[in-house]
There are 2 protein chains.
Amino acid sequence: MPLKADLDAIDWKILRELQGDGRMTNVELSSRVGISAPPCLRRVRRLEEAGIIRGYRALLNAPALGMDVVAFCLIGLHHQADAELKTFAERTRGWPIVRDAWMVSGESDFLLHCVASDLGTFQTFVIEQLASAPNVDTVRTALTIRRVKDEGLVAFPT
Amino acid sequence: MPLKADLDAIDWKILRELQGDGRMTNVELSSRVGISAPPCLRRVRRLEEAGIIRGYRALLNAPALGMDVVAFCLIGLHHQADAELKTFAERTRGWPIVRDAWMVSGESDFLLHCVASDLGTFQTFVIEQLASAPNVDTVRTALTIRRVKDEGLVAFPT
DNA sequence: ATTGAAACGACTAGAGA
DNA sequence: TCTCTAGTCGTTTCAAT
């Protein structure tokens, strides 16, 4: 895990471009950021090795793939000692319906981003797996109706 | 927006591989899914054109870029008529701190995924922008402590 | 639909500024 | 650090199956 790296304006442009299109070729990228291809590629490698670029991912259209239910679950636990938090975190990794998960502070202890093929599957998961897991106190669910905004994690000044 | 496409086993493998590494070369991809490069590329293009692959994105490490606060906000509105929902959705698109947003059903009307450089910036946003936006009734915030799971949106049987 | 060959273009190491 | 050059490798079209 890197501490704050010292990035120049070109590095920031590279990050912005790759966040917008992770499959852009290096020559296209280099021309957009205003340098030639070799140093551009070296910068990308450096950003990858520093962990600033964590990876690349194709964004998939869940409903087109038969995944009609996307929901968020807020989980409250009975006991929040370190060991219990770790145990629940580990448990989420074993549930394929949970696509990503965060430990949070506030009214809840975890937030789970869930995807399932249909409501029945999702509700069965919530009742039989999630709510009946050890130490789970409350489960609040928000079914998504539609995505309203979807940009990368980091905002870049235009 | 495509309806359910008819995908064969190779298409599913392509989607799984590209979700795991969106920058994989086509020859690497083709060898992993067991066909030669040209048909593999045509399948990828077809999946892109059908909107099943929505795009590609580099995943950035927010804290390494000086974005130390990641939070989720659950928003309840006073009035949930269609026009009001659209108005609020549009408003979220103008807030750079909001990185992605969902319209949801349940106790809240919207869920916002927010990223900011520090707590002060985030709190100022919540108080001065979010909570004081027209029609906003309740704002519940969950500050993230750490990411516990981070896989793509779609689960693939291994 | 797929394969295989071939032309094209991108990637990336090395040299020099 | 960059640019330029050149060789290697990946991409993409096309003919044939």
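Proteins get letters first, then strands, A, B, ... in listed order; numbering begins at 1 in each. Keep in mind that what you see is a predicted model, and the values were worked out from it rather than measured.
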Please check the phosphate of D:dC2 (OP1 and OP2 only) for any side-chain N or O of A:Ser36 closer than 4.0 Å. no
Atom pair distance, as rounded to whole Å: CZ in A:Arg43 and P in D:dT1: 8 Å
Ring centre gap for B:Trp95 and B:Phe125 strictly below 6.0 Å: yes
Exactly one of A:Ile145, A:Thr144, A:Leu143 clears side-chain contact (heavy atoms from CB on, under 4.5 Å) with A:Val70, and that residue is A:Thr144
Under 3.5 Å, is there a donor-acceptor pair linking the side chains of A:Tyr56 and B:Gln19? no
In B/S/- notation, 5' to 3', how is nucleotides 7-17 of chain C contacted by protein heavy atoms closer than 4.0 Å? ---SSBB----
Ignoring hydrogens and angles, tell me if any N or O in the side chain of A:Asp100 forms a donor-acceptor pair with the backbone of B:Lys149 under 3.5 Å. no
Test salt bridge (charged side-chain N to carboxylate O under 4.0 Å, His left out) on B:Glu17 and B:Lys13 and set out the steps. CA-CA 6 Å; B:Glu17 294 297 333; B:Lys13 282 189 195 173; over 6 Å; no
